[in-house]
Amino acid sequence: MTPETMQEALGHAVSDKRLEVLRLVAESGSISQAARDAGISYKAAWQAIDTLTSLSGAPLVERTVGGAGGGGARITPQGQDLLDLAQALAQARAAVLARFSAGAALAGGLGLRTSMRNQLACEVVRLMAPGAGESALGAVLRTPGGDELVASLTRESADLLGLAPGVPVWAMCKATAVTVGASLAAVPPVPGESCLLAGRVSRIAGGGGRDEVTLALSGGGQWVGFAAPGWTAKSGATAVAVMLRSALVVGVGALA
C-alpha cells in the first residue's frame, strides 16, 4: 500500500465501522464471528472488507482452509499495517484535541472532503422497513429546524454506519440533484420517492440555463439547488427544495 491508498481507506466516511470489522477478524480469525461481534450481517462484514480493500489497493484479509474449525480468515500484513496506522492516528488526534478547549466541537469542520455542496447536520429519527418489492430501507432524519428527510440505503450500509434513533449524522446531496421552486406546485414531489426542505432564498448565482439558488433553512444551515424551469428566484422569497430520496447520502463522522 502507498501512503495515498492508506489515506483513502482511513479517510472514508464510514471507515471506523469497517476498521472495527477488520480488527475483529484479526482477533477471531473468522468473518462470521467478526460480523456477530460487530452486530452486523455476514454480508455487511464482507462489504466492509471489500470496500477497505478497494480503497487501500491491497489485500487485507485472506481465507484459511483446513483445521479443526474447517477454515476461517486472517488479516494480511497490509491489513495489520492499516490497523496500526488507524490506532496511531486516533491517539494523535486525541492528543491534539486535548490541547484545545472545545477541540472536539471545532474538529467537526475537519476530516472528509467531498464534492457535495449540501451537508446538513441531522439526527436519525427511525428506520423504515423496505416497501413491497423494494430492497432499500428508509432512514428518517430530523434537521436542526425540525423538518424530516428520508434517505434510501441498503440494510448493510445502515448497519455499517451504525444507524439507530438518536444517532447524529450528516445528510448530503449534490446541488445538481436538487430543484428549487416557489412552491410544491412548481416542483411537485414524486410520492414516496421525494423529500423536501423549505427556506428563504439567500443567494442567487446565474447559471448557463438555470440559476443556482441557496436557501437559508429554519434552525440553521443552507441547501443549494437549481431553479425550476421558468422560475425567477428573488432574494428573501420563500421557496422549497425537492430531491429524490435516492439522491441523499447519509454520512457519519467529521466533514469538511
Side-chain angles (χ1 to χ4, degrees), residues 1-64 67 69 71-114 119 121 123-124 153-164 166-170 172 249-256:
M1 289 185 291
T2 66
E4 290 76 15
T5 57
M6 294 183 82
Q7 178 62 35
E8 284 294 320
L10 293 170
H12 197 268
V14 293
S15 61
D16 283 354
K17 188 69 172 181
R18 289 168 174 162
L19 287 168
E20 178 188 353
V21 173
L22 185 62
R23 176 180 60 78
L24 290 170
V25 171
E27 294 176 356
S28 66
S30 166
I31 301 292
S32 58
Q33 185 61 50
R36 286 191 292 270
D37 292 343
I40 61 176
S41 68
Y42 182 76
K43 181 181 178 182
W46 267 116
Q47 178 178 311
I49 293 168
D50 287 344
T51 302
L52 275 180
T53 298
S54 297
L55 290 169
S56 63
L60 305 179
V61 173
E62 60 185 15
R63 293 180 180 271
T64 60
R74 63 181 172 223
I75 66 169
T76 64
Q78 295 95 329
Q80 188 59 56
D81 285 345
L82 191 64
L83 289 177
D84 292 343
L85 178 56
Q87 182 178 7
L89 288 175
Q91 293 172 343
R93 177 184 174 86
V96 170
L97 292 178
R99 292 172 51 198
F100 297 88
S101 61
L106 293 172
L110 306 174
L112 176 71
R113 292 174 294 172
T114 172
Q119 302 173 11
E123 180 180 283
V124 177
L153 70 169
T154 64
R155 167 58 64 182
E156 290 74 28
S157 293
D159 287 344
L160 290 173
L161 287 168
L163 299 187
V167 171
V169 296
W170 294 88
M172 299 180 287
V249 175
V250 180
V252 297
L255 299 179

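From a predicted model like this one, the values you see are computed outputs, not experimental measurements.
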Spatial distance of atom OG1 (T53) from atom CD (Q78) [nearest 0.5 Å]
10.0 Å
Does a side-chain heavy-atom distance below 4.5 Å link L161 with V167?
no
Rounding to 0.5 Å, atoms OG1 (T51) and NZ (K17) come to a distance of 14.5 Å
Under the rule for side chain to side chain donor-acceptor pair (under 3.5 Å), what residues qualify as partners of E123, not counting sequence neighbours?
none
Looking at CG of L83 and CD1 of I75, how far apart are the two atoms once the value is rounded to the nearest 0.5 Å?
5.0 Å
Rounded distance (nearest 0.5 Å) linking atom CG of L22 with atom CD of Q80:
8.0 Å
Distance in Å, I31 CD1 paired with R63 CZ, rounded so as to fall on 0.5 Å steps:
7.0 Å
Kindly write out the residues that satisfy side chain to side chain donor-acceptor pair (under 3.5 Å) with S30, not counting sequence neighbours, or none if the list is empty.
S32
Between R18 and L160 the two heavy atoms that sit nearest each other are NE-CD1, 3.7 Å
Please list every donor-acceptor pair under 3.5 Å in which a side-chain atom of residues 41-50 meets a protein atom from a residue at least two apart or in another chain.
unit_1	atom_1	unit_2	atom_2	d
S41	OG	A44	N	3.0
Y42	OH	W46	NE1	2.9

So which atom in P59 and which in T76 form the shortest heavy-atom distance, rounded to 0.1 Å?
O-OG1, 2.6 Å
Give the minimum heavy-atom separation between A73 and V61, together with the two atoms involved.
CB-CG1, 3.9 Å
Note: L19 and A86 closest approach over all heavy atoms is CD1-CB, 3.9 Å
